[in-house]
Each structure stands twice: as C-alpha cells, then as structure tokens.
Undergrad: 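Here's a structure for you.
Here the structure is a predicted model, which means the values were calculated and not measured.
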Amino acid sequence: MKSVFGARDNTYGSFTMQSGGNVMSFKLVNLRGKISCRTVASRYDYWACDKGDNLQTFLTNDSNAVILPHWPDITSYQLPGMRSDSPELIFNNLTVPLRVTPGQEFRVWYMEDLKDDSEFDNGGQTCMDIYALYV
C-alpha cells in the first residue's frame, strides 16, 4: 500500500486493508520526502521534527484514535533501533494481534498535525509504502 502524509492542515496519509485477519506489525518505508515542525532545512526528517531517537509519526484508525504506538497522550516516543532518519519505521510492539477487516481504513499522522498543535510553521510531506505482517 502506498500513502503520503504531511505535517499540517490535516494531511494524514490513509490506507485500507486489502485482507482481513490478525496483524502483528506495520512497517512504513520512506520512498521520498521529509517533514518538519519548523520550515528550516536542518529540521526536516522522515518520521519526526528533530534528528535523533524521538519519533512523532502515529498510526490511527479512521476516527483518529491512536493505534500505534500504545503510549497514551504523548508527543514523541522511541522504538528500539528506529531513528527519525531511519528509512523504515517498524511498529512491532503489538503484544496482542490487531484484528483488521478488508477495507478498514488506517491513517498515518505527524503528531502536531494530529493534535492540531503548533502546526503553523510545519512543512513537507513523506511518501511511503506500508506493509502489514499477518499472523
């Protein structure tokens, strides 16, 4: 599945599940583009505003309830082996498989855009492929 998400003005990336079943992991693979919380060249990256270990890309359902990562009410998080400039972002921290149905929509958001907070100076877009690991 392919999608594009931006950093402001509700430009989430959406994708629909092709098959039903139980999913243990989602993988986002950057194809091109970067996002930023400030339109300064050095602040653009694939999955977060600042270069480093903190990530700010979230997976939600079609009602914008956060599915991954599981930590509630956060603005950034860390995943083992993942950085803001990693070519892939792998959400493999599902302890219980997520039941999905064919045609079910999910969304990929940049944190400030999802929360409608401080997004006025955000910029960029990330184009990605999305994979789901079924069990």
Side-chain angles (χ1 to χ4, degrees):
M1 301 169 275
K2 191 177 300 294
S3 190
V4 175
F5 76 102
R8 63 186 287 174
D9 301 326
N10 297 321
T11 54
Y12 59 85
S14 65
F15 63 97
T16 56
M17 302 306 294
Q18 303 301 307
S19 304
N22 294 314
V23 173
M24 277 304 293
S25 177
F26 287 94
K27 177 168 71 171
L28 286 53
V29 179
N30 179 276
L31 299 175
R32 65 183 173 279
K34 294 180 179 183
I35 55 172
S36 178
C37 62
R38 291 175 199 82
T39 51
V40 176
S42 64
R43 300 298 287 264
Y44 281 77
D45 229 325
Y46 303 139
W47 315 115
C49 173
D50 295 314
K51 296 186 183 305
D53 295 334
N54 289 327
L55 303 166
Q56 296 168 310
T57 300
F58 290 82
L59 184 67
T60 73
N61 63 18
D62 62 350
S63 299
N64 298 329
V66 174
I67 304 296
L68 291 166
H70 285 294
W71 302 286
D73 298 322
I74 59 168
T75 58
S76 67
Y77 57 93
Q78 295 180 353
L79 294 173
M82 302 286 114
R83 294 179 44 85
S84 62
D85 60 353
S86 296
E88 299 176 347
L89 178 58
I90 302 171
F91 290 111
N92 60 2
N93 55 345
L94 285 167
T95 54
V96 175
L98 177 66
R99 181 81 180 135
V100 300
T101 57
Q104 184 174 2
E105 179 183 308
F106 289 92
R107 297 175 177 175
V108 179
W109 286 89
Y110 175 63
M111 177 275 304
E112 287 182 355
D113 193 19
L114 173 62
K115 295 182 181 268
D116 286 326
D117 181 39
S118 304
E119 64 180 279
F120 68 93
D121 59 347
N122 293 359
Q125 290 186 329
T126 295
C127 178
M128 69 203 141
D129 277 334
I130 303 162
Y131 300 91
L133 175 64
Y134 288 83
V135 292

Undergrad: Under 3.5 Å, side chain of Asp113 to main-chain N/O of Thr11, donor-acceptor pair present?
TA: yes
Undergrad: Restricting to non-hydrogen atoms, name the atom on Gly81 and the atom on Ser86 that form the minimum distance, rounded to 0.1 Å.
TA: O-OG, 4.1 Å
Undergrad: Applying side chain to side chain contact (heavy atoms under 4.5 Å, CB included) between Ser84 and each of Asp45, Thr57, Ile35, report the one that passes.
TA: Asp45
Undergrad: Would you say that Leu55 contacts Pro69 through its side chain, given a criterion of any heavy-atom pair below 4.5 Å between the two side chains?
TA: no
Undergrad: Indicate the atoms forming the closest heavy-atom contact of Lys27 with Glu88, along with that distance.
TA: CD-OE1, 3.6 Å
Undergrad: Could you give me the CA-CA distance, side-chain angles and deciding distance for Tyr12 and Thr60, then say whether side chain to side chain contact (heavy atoms under 4.5 Å, CB included) is met?
TA: CA-CA 10 Å; Tyr12 59 85; Thr60 73; over 6 Å; no
Undergrad: Please lay out, stage by stage, how Val66 and Leu114 fare under the test side chain to side chain contact (heavy atoms under 4.5 Å, CB included).
TA: CA-CA 10 Å; Val66 174; Leu114 173 62; 3.9 Å; yes
Undergrad: Taking all non-hydrogen atoms of both residues into account, name the closest pair between Met111 and Thr75 and its distance.
TA: CG-O, 3.3 Å
Undergrad: Can any side-chain N or O of Glu119 pair as donor or acceptor with the backbone N or O of Asp9 at less than 3.5 Å?
TA: yes
Undergrad: To the nearest 0.5 Å, how far apart are CG in Asn122 and OH in Tyr44?
TA: 8.5 Å
Undergrad: Taking Ile130 as the starting point, is it possible to reach Leu31 by hopping between hydrophobic residues whose side chains are less than 4.5 Å apart?
TA: no
Undergrad: Check whether Tyr110 and Ile67 end up in the same hydrophobic cluster, where Ile, Leu, Val, Met, Phe, Trp and Tyr are linked by side-chain heavy atoms less than 4.5 Å apart.
TA: yes
Undergrad: Linking I/L/V/M/F/W/Y whenever their side-chain heavy atoms sit closer than 4.5 Å, directly or via other members, would Leu59 and Val100 fall into one cluster?
TA: yes
Undergrad: Indicate yes or no: at least one non-hydrogen side-chain atom of Trp47 is less than 4.5 angstrom from one of Leu28.
TA: yes
Undergrad: Check whether Met1 and Phe106 end up in the same hydrophobic cluster, where Ile, Leu, Val, Met, Phe, Trp and Tyr are linked by side-chain heavy atoms less than 4.5 Å apart.
TA: yes
Undergrad: Taking the six-membered ring for Trp and the full ring for Phe, Tyr or His, determine whether the centres of Trp109 and Phe58 are under 6.0 Å apart.
TA: no
Undergrad: Side chains of Tyr46 and Met128: closer than 4.5 Å at any heavy-atom pair?
TA: no
Undergrad: Could you list the donor-acceptor pairs under 3.5 angstrom formed by side chains in residues 13-26, with sequence neighbours left out?
TA:
from  : atom 1 : to    : atom 2 : distance (Å)
Gln18 : NE2    : Thr16 : O      : 3.2
Ser25 : OG     : Phe91 : O      : 3.2

Undergrad: In the structure I gave you, are the side-chain heavy atoms of Asn30 and Thr126 within less than 4.5 Å of one another anywhere?
TA: yes
Undergrad: For the CZ atom on Arg99, are there more than 12 heavy atoms of other groups (residues, nucleotides or ligands in this structure) within a distance under 6.0 Å?
TA: yes
Undergrad: Applying side chain to side chain contact (heavy atoms under 4.5 Å, CB included), run through Met82 and Tyr77 and close with a yes or a no.
TA: CA-CA 10 Å; Met82 302 286 114; Tyr77 57 93; over 6 Å; no
Undergrad: Listing request: all ring-ring contact (aromatic ring centres under 6.0 Å, His included) pairs with a residue in residues 116-135, at least two apart in sequence or in separate chains.
TA: none
Undergrad: Checking Gln56 side chain against Cys49 main chain: does a donor-acceptor pair fall under 3.5 Å?
TA: yes
Undergrad: Check Lys2 with Asp129, please: is the shortest side-chain N to carboxylate O separation under 4.0 Å?
TA: yes
Undergrad: Please determine whether side chain to side chain contact (heavy atoms under 4.5 Å, CB included) holds for the pair Ile90 and Leu79, giving the CA-CA distance in whole Å, both sets of side-chain angles, and the decisive distance to 0.1 Å.
TA: CA-CA 8 Å; Ile90 302 171; Leu79 294 173; over 6 Å; no
Undergrad: Looking at Asn61 and Ser63, would you say the former's side chain and the latter's main chain have a donor-acceptor pair under 3.5 Å?
TA: yes
